[in-house]
There are 2 protein chains.
Amino acid sequence: MSRSGADLALLLLGGFRSLVDAAQEELGRRGYEDVRPVHDFAIRAIAAGADSASELSRRTAVTKQAAAQTISVLQDRGYVVRQADPGDARRKRLHVTDRGFDLLREGEAIFDELREQWARRIGIERLQQLEAQLSELVGSAAVRVDAPGWVATQDFGPSAAVETTTRSGA
Amino acid sequence: MSRSGADLALLLLGGFRSLVDAAQEELGRRGYEDVRPVHDFAIRAIAAGADSASELSRRTAVTKQAAAQTISVLQDRGYVVRQADPGDARRKRLHVTDRGFDLLREGEAIFDELREQWARRIGIERLQQLEAQLSELVGSAAVRVDAPGWVATQDFGPSAAVETTTRSGA
DNA sequence: GAAGTTAGACAAGATGCTTGTCTATGTCCA
DNA sequence: TGGACATAGACAAGCATCTTGTCTAACTTC
């Protein structure tokens with residue numbers, strides 16, 4: 001089975017989706033019905049130091065505008081707040097709220113549980129092998145936790161990025 | 001490395017995306033600049049027998065409308081054609097064009113090449129192990145080649161489906 | 001031949017992204 | 001010190017993909 005390269009891709013996607021779908025469902029049961037993986041990852045990135053829209057956009061490889069939109073959703077739903085930056089009047093600093101941190105914790109716990117289920121099914125050694133092989137292939141650069149845009153751009157189209165605004169050049 | 005469940009999910013996604021991005025880029029270089037993975041999978045499904053919009057929608061777990069839209073794009077770009085069905089005046093039979101089949105062939109070749117690159121990097125045995133383990137975890141049901149909607153729905157939201165139209169019940 | 005089902009289409013809306021353009025603020029340096 | 005340039009954030013418009021909801025025309029079943 002799965003000798004074709006396309007099958008390999010599908011397997012990887014299948015694995016990802018089955019984890020993420022299960023996680024999202026469970027998250028819904030635990031009272032976070034309004035979140036998607038992107039949100040989780042974006043909050044994580046903000047907590048990890050991407051505390052402005054521009055910075056978030058850089059780290060996540062989407063346009064500033066896209067980042068701003070995500071932030072505005074997160075703010076509406078109570079996961080982050082925006083505060084004026086005392087040192088730079090242009091910036092608005094992002095802070096993850098308690099609810100935001102709660103979400104991150106729940107998310108981690110759920111993913112860990114799912115991983116344990118997998119470990120029980122194929123054995124922890126084999127799962128670790130799988131992880132080791134994948135991380136060798138994918139490289140750690142791609143595994144940055146703070147990469148929401150990368151998680152789900154429009155139908156996997158080419159990911160644009162990098163300061164689109166002041167481009168104009170031509 | 002990668003002891004957390006979230007990392008595992010990210011690894012899987014990373015693997016998938018790196019394959020798909022590379023494939024899409026290479027496909028562009030070979031003269032198919034107007035296709036996305038969804039299109040490839042949709043054409044594949046049509047070639048595999050999903051020869052009407054309704055059937056495609058069922059197999060791909062998206063609404064009929066979404067399927068119809070995809071078909072219309074594929075038709076505009078010359079990958080499929082629609083013909084009246086002699087036996088059923090409601091239906092319009094779908095046929096993959098030569099260009100469509102060319103695309104499928106190129107796509108397969110590219111994915112196979114990518115898989116070989118991976119095999120060279122970690123060894124064919126380990127790659128096969130990885131595939132075997134994944135397919136054990138994911139199950140073959142999820143690996144259906146004909147599942148575009150499943151590939152990339154809106155930001156990995158819950159995938160709806162199944163004859164949405166005549167629902168109305170409530 | 002009436003009741004129900006199915007194929008396909010039109011319209012509108014949600015999401016999540018993209019350009020393009022603009023203002024206000026900071027920074028660099030001649 | 002002041003002008004050139006970079007940067008933060010925002011508004012507007014548009015694209016792509018998917019979703020409801022509604023409708024007609026054509027089968028199917030009994």
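Below, chains carry the letters A, B, ... as their sequence lines are ordered, and counting in each starts from 1.
For A:R105, the salt bridge (charged side-chain N to carboxylate O under 4.0 Å, His left out) partners are A:D102, not counting sequence neighbours. A:E116 pairs by the salt bridge (charged side-chain N to carboxylate O under 4.0 Å, His left out) definition with nothing, not counting sequence neighbours. Partners of B:Q129 according to the side chain to side chain donor-acceptor pair (under 3.5 Å) rule, which considers only residues two or more places apart in sequence or in another chain, do not exist here. For B:S52, the side chain to side chain donor-acceptor pair (under 3.5 Å) partners are B:R91, not counting sequence neighbours. Legend: residues meeting side-chain contact (heavy atoms from CB on, under 4.5 Å) with B:A68, ordered by chain and number and at least two apart, are absent. With sequence neighbours excluded, the residues forming a side-chain contact (heavy atoms from CB on, under 4.5 Å) with B:E106 are B:L27, B:R30, B:Y32, listed by chain and number.
The B:S52 side chain lies nearest to C:dG8 when the options are D:dT22, C:dT18, C:dG8. Distances were taken from every side-chain heavy atom of B:T63 (C-beta onward) to each of D:dT17, D:dT19, C:dT21; the shortest belongs to D:dT19. Relative to the side chain of B:V62, the nucleotides C:dG8, D:dT19, C:dT19 differ in distance, and D:dT19 lies closest.
The phosphate of C:dT6 (OP1 or OP2) has no side-chain N or O of B:S54 nearer than 4.0 angstrom. A close approach under 4.0 Å does occur between a side-chain nitrogen or oxygen of B:T70 and OP1 or OP2 of D:dC18.
The separation between A:R59 atom CZ and D:dA8 atom C1' is 16 Å, rounded to whole Å. Separating the CZ atom of A:R93 from the C1' atom of D:dA8 is a distance of 14 Å, rounded to the nearest angstrom. Separating the CZ atom of B:R36 from the P atom of C:dT18 is a distance of 11 Å, rounded to the nearest angstrom. The CD atom of A:E55 sits 12 Å away from the C1' atom of D:dT7 (whole-angstrom rounding). D:dA16 atom P lies 17 Å from atom CD of A:Q69, rounded to whole Å. Following rounding to the nearest Å, B:K64 (NZ) and D:dG21 (P) show an atom-to-atom distance of 14 Å. In this structure, the CG atom of B:L56 is 12 Å from the P atom of C:dA7, given to the nearest Å. Atom P of nucleotide C:dT5 and atom CZ of B:R58 are separated by 14 Å, given to the nearest angstrom.
Contacts of B:A68 with the nucleic acid, taken as non-hydrogen atoms under 4.0 Å apart, are absent.
Remark: A:D88, A:A89, A:R90 in residues 80-92 of chain A come within less than 4.0 Å of DNA chain C through at least one heavy atom. For the contact set between residues 25-32 of chain A and DNA chain D, defined by any heavy atom under 4.0 Å, there are no members.
The two residues A:A42 and A:L74 have their closest heavy-atom pair at CB-CD1, 4.0 Å.
For the atom pair B:D112 CG and A:L8 CG, the distance stands at 10.0 Å (nearest 0.5 Å).
If A:V73 and B:D51 are placed on DNA chain C by their nearest nucleotide, the residue sitting closer to the 5' end is B:D51.
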What side-chain donor-acceptor pairs closer than 3.5 Å can you find for residues 78-88 of chain B, not counting sequence neighbours?
{"residue": "B:Y79", "atom": "OH", "partner": "B:D34", "partner atom": "OD1", "Å": "2.8"}
{"residue": "B:Y79", "atom": "OH", "partner": "B:R99", "partner atom": "NH2", "Å": "2.9"}
{"residue": "B:R82", "atom": "NE", "partner": "B:Q75", "partner atom": "OE1", "Å": "3.2"}
{"residue": "B:R82", "atom": "NH2", "partner": "B:Q75", "partner atom": "OE1", "Å": "2.7"}
{"residue": "B:Q83", "atom": "OE1", "partner": "B:H95", "partner atom": "NE2", "Å": "3.1"}
{"residue": "B:D85", "atom": "OD1", "partner": "B:G87", "partner atom": "N", "Å": "2.6"}
{"residue": "B:D85", "atom": "OD1", "partner": "B:D88", "partner atom": "N", "Å": "3.2"}
{"residue": "B:D88", "atom": "OD1", "partner": "B:R90", "partner atom": "N", "Å": "2.9"}
{"residue": "B:D88", "atom": "OD1", "partner": "B:R90", "partner atom": "NE", "Å": "3.2"}
{"residue": "B:D88", "atom": "OD2", "partner": "B:R90", "partner atom": "NH2", "Å": "2.9"}

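At a threshold of 4.5 Å between non-hydrogen side-chain atoms, the residues B:L130 and B:W118 do not count as touching.
The base of C:dG20 is paired with the side chain of A:Q65 by a donor and an acceptor separated by under 3.5 Å.
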